[in-house]
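All figures in this text were calculated on a predicted structure; none of them were measured in a lab.
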Amino acid sequence: MAIVGKKFPSVSIDAMSEMGDDLKINIFEEAVSKNSKVLLFWYPKDFTFVCPTELHAFQAALPDFEKRNTIVIGASCDTNEVHFAWLNTAKDNGGIEGVTYPLLADTHRHLANILGILDQDVEYNEAGEEVFSGSNVTYRATYLIDETGKVFHESVNDMPLGRNVKEYLRLIDAYSHVQKHGEVCPANWEEGKEAMNANRTGVAEYLSAN
C-alpha cells in the first residue's frame, strides 16, 4: 500500500534505546513535535546477515543525517530484549554494538501490517480456516517523513538486497531543495547541481543546457 504524499500512521510502538531503555515511539509525532525529518528503515530480523551491515551503515552516516535535521530510527518485529542483546553483541561477532539510534520492536506487527510490508500470505483451506505462509517478518522498507508527518519517499527491497544509504541522503537534499526554493529536482540531481522550474520553460531550459 503506497502512502507517499499521505501522513504517516500515528501509532505508538515499543522501542529500545542503545542504553537499554524501553521506549514508546510514534513516528508521526517524532517528526511533528521535533520539527524534523525522519528516516524509518525496516529490516527483517536481528542476528541475521545483511541486516547488521545496514544498521552499521546508517550509524556511520548518522552525522550526515543529523546535519540535515533528520532522525534515524530502525525497526523490526523482534522484541526489545532481542534488540538489546544484539546491541550488546560485538560488531566482529555479527552484532550491532555501537549503534546509537532507537529500534522499534513491532512484535505485534501492528504498524508493519498497516504499512503492508510483511512477508505473509493468507489463504483459506476447505474448512474456511486461515492458512498463513511466508516468514512473517518485514521486507527492507524505508520511509522518509517530513516535518509535517507527510511521507515523501518510500521504497521496499526484497530481503537479500541491502540499501544504499547515500541515496537517502540525496533524496533528503532534493526534498529540502524543493521545500526551500520551490524548484523541482531532475534525474540524478545532487546537492549543488542545477534544478529547474516546474513548467514548460523550465524543462526546456534545463534540457537544452544538459
Fill in: Sidechain-backbone polar pair: Glu154 side chain, Ile3 backbone, donor-acceptor under 3.5 Å
yes
Item to complete: Go through the side-chain N and O atoms of Tyr139 and Asn157 and say whether any donor and acceptor fall under 3.5 Å apart.
Response: no
Practice prompt. For Asp78 and Val82, indicate whether the former's side chain and the latter's backbone hold a donor-acceptor pair under 3.5 Å.
Written response: no
Worksheet item: Quick one: are the ring centres of Phe8 and Tyr143 less than 6.0 Å apart?
Response: yes
Discussion item. What I'd like to find out is whether the side chain of Trp86 reaches to under 4.5 Å of the side chain of Pro52, using heavy atoms alone.
Written reply: yes
Discussion item. Testing the 3.5 Å rule here: is there a donor-acceptor pair between the side chains of Asn80 and Asp14?
Written reply: no
Fill in: Gap between atom CD of Glu30 and atom OG of Ser12 - 0.5 Å precision
9.5 Å
Practice prompt. Verify, without hydrogens or angle tests, whether His83 (side chain) and Leu104 (backbone) share a donor-acceptor contact under 3.5 angstrom.
Written response: yes
Practice prompt. Please confirm whether the backbone N or O of Tyr168 pairs with a side-chain atom of Arg170, one donor and one acceptor, at under 3.5 Å?
Written response: no
Worksheet entry | Residues Asp173 and Arg68 bridged, charged N to O under 4.0 Å | yes
Practice prompt. Assess the pair Tyr175 and Phe152: is the distance between their ring centroids shorter than 6.0 Å?
Written response: yes
Discussion item. Assess, by modelled atom type and distance only, whether the side chains of Gln59 and Thr100 contain a donor and an acceptor separated by less than 3.5 Å.
Written reply: yes
Fill in: Between Ser10 and Asn26: side-chain donor-acceptor atoms closer than 3.5 Å
yes
Fill in: Electrostatic pair Lys91-Glu97, nearest N-O below 4.0 angstrom
no
Discussion item. Please check: side-chain N/O of Arg163 versus main-chain N/O of Ala141, any donor-acceptor pairing under 3.5 Å?
Written reply: yes
Fill in: Polar side chain donor-acceptor pair, Glu147 to Asn35, under 3.5 angstrom
no
Discussion item. I'd like to know if Arg140 and Asp158 make a salt bridge, using a cut-off of under 4.0 Å between side-chain N and carboxylate O.
Written reply: no
Worksheet item: Quick one: does His56's side chain have a donor or acceptor within less than 3.5 Å of a partner on Gly95's backbone?
Response: yes
Worksheet item: Going hydrophobic residue to hydrophobic residue with side-chain gaps under 4.5 angstrom, can you get from Leu39 over to Ile145?
Response: no
